[in-house]
Amino acid sequence: MARTVRDAKLESRTARLALPVRTEPHWKALDGGLALGYRRNKRGGAWLARRWDTEKAGYREAAIG
C-alpha cells in the first residue's frame with residue numbers, strides 16, 4: 001500500500017496562515033520531478049503544481065486552485 005505524503009506546513013489552513021508572505025511558493029516534493037506548492041500572499045494563497053520538463057531542462061508550473 002502506498003504511503004500518504006504529508007507536510008505539516010501545508011496540511012491545515014491554520015498552518016498555511018502561519019507561513020510568511022513571499023513570492024516563492026513553499027514546495028513539497030511528491031515523486032520524481034513532481035511537486036505541490038502553496039504561495040501565500042496578503043489576500044490568501046494559491047496552489048501550484050510543478051514538474052520537471054526534460055525538453056526545456058527546467059520546471060513547468062501551473063496553478064491548480
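- Heavy atoms of other residues, nucleotides or ligands lying less than 6.0 angstrom from CZ of R22 number more than 12.
- Once rounded to the nearest 0.5 Å, the distance linking CG of L30 with CZ of R50 reads 10.0 Å.
- W27 belongs to a hydrophobic cluster whose other members, connected by ILVMFWY side-chain contacts under 4.5 Å either directly or through intermediates, are L48.
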Mind listing the side-chain donor-acceptor pairs of residues 33-43 below 3.5 Å, one per line with the distance, residues two or more places apart or on another chain?
unit_1	atom_1	unit_2	atom_2	d
R39	NE	T23	O	2.8
R40	NH1	L19	O	2.6
N41	OD1	R43	N	3.2
N41	OD1	G44	N	3.0

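- Residues meeting the ring-ring contact (aromatic ring centres under 6.0 Å, His included) test with W52, sequence neighbours left out: Y59.
- Among residues two or more places apart in sequence or in another chain, the salt bridge (charged side-chain N to carboxylate O under 4.0 Å, His left out) test is passed with E11 by R6.
- Screening residues 52-65 for salt bridge (Lys or Arg N to Asp or Glu O under 4.0 Å), with sequence neighbours left out, gives D53-R60.
- Taking the side-chain contact (heavy atoms from CB on, under 4.5 Å) definition, one finds that T14 meets it with S12, sequence neighbours left out.
- The hydrophobic cluster containing I64 also contains L10, counting ILVMFWY residues as joined when their side-chain heavy atoms lie under 4.5 angstrom apart, directly or transitively.
- Note that NZ of K28 is 9.0 Å distant from NZ of K9, once rounded to the nearest 0.5 Å.
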